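Scope of the values below: all heavy atoms of this structure, side chains included, with no hydrogens, waters or symmetry mates. Everything quoted here is computed from the prediction, not taken from an experiment.
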Amino acid sequence: MSVDTGLIDWVGEALAPIGQVSFRRMMGGATLYLDGAVFAIVLDDVLWFKSDAVADPVWDAAGCVRFTYARKDGTTATMNYRRAPDDVLDDGDAMLEWARIAVEAGRRAPVKRKRAKG
């Protein structure tokens, strides 16, 4: 899998009025950050926005499915990400609206502490 940098560039361009988008490659995709806060992932050319218990009702009402993946043991797992609505792909205002929800969820997420080596 490769990262769709065109999609990431579009996200950065659309969100420029509210902050700086950066990304880090991971497992065939990318994690997106806005001013250091995780707010989305891109996998298989699909944009997934961060969610949490506060934002879930908004995503549910819009019909945005939850990110799922198959574990090695054959079970299905989920992550707190929702598929971005289609209109964000060509409408900067829609991108801003939905990304703000994801950024807020990312900022509410607890900070992961690095384990001490020892």
Give the minimum heavy-atom separation between [X] and [Y], together with the two atoms involved.
| X | Y | answer |
| --- | --- | --- |
| I101 | A55 | CG2-CB, 3.8 Å |
| I8 | A30 | CD1-CB, 3.9 Å |
| A109 | K50 | CB-CE, 4.2 Å |
| L34 | G19 | CD1-C, 3.6 Å |

Does any donor atom in the side chain of S51 or N80 lie under 3.5 Å from an acceptor atom in the other side chain?
-> no

So F67 and L43, side-chain contact (heavy atoms from CB on, under 4.5 Å) or not? Walk me through it.
-> CA-CA 10 Å; F67 181 85; L43 291 169; 3.4 Å; yes

Backbone of V46 reached by a side-chain donor or acceptor of D44 within 3.5 Å | no

Indicate yes or no: at least one non-hydrogen side-chain atom of R24 is less than 4.5 angstrom from one of L32.
-> no

Any side-chain heavy-atom pair from T31 and Y33 closer than 4.5 angstrom?
-> yes

Taking V11 as the fixed residue, which of V42, L89, L47 is the one that meets the side chain to side chain contact (heavy atoms under 4.5 Å, CB included) rule?
-> L47

Could you tell me the separation between the CG atom of D52 and the CZ atom of R82, rounded to the nearest 0.5 Å?
-> 10.0 Å

Considering residues at least two apart in sequence or located in another chain, which fulfil the ring-ring contact (aromatic ring centres under 6.0 Å, His included) criterion with Y81?
-> none

Of F39, W59, F49, W48, which meets ring-ring contact (aromatic ring centres under 6.0 Å, His included) against W98?
-> W59

Give a yes or no on this: more than 12 heavy atoms of other residues, nucleotides or ligands lie within 6.0 Å of atom CD of Q20.
-> no

What about I18 and V88, same hydrophobic cluster or not, with Ile/Leu/Val/Met/Phe/Trp/Tyr joined at side-chain heavy-atom distances under 4.5 Å?
-> yes

Take D56 and R66 through the side-chain contact (heavy atoms from CB on, under 4.5 Å) test and state the conclusion after the steps.
-> CA-CA 9 Å; D56 279 345; R66 186 177 299 277; 3.2 Å; yes

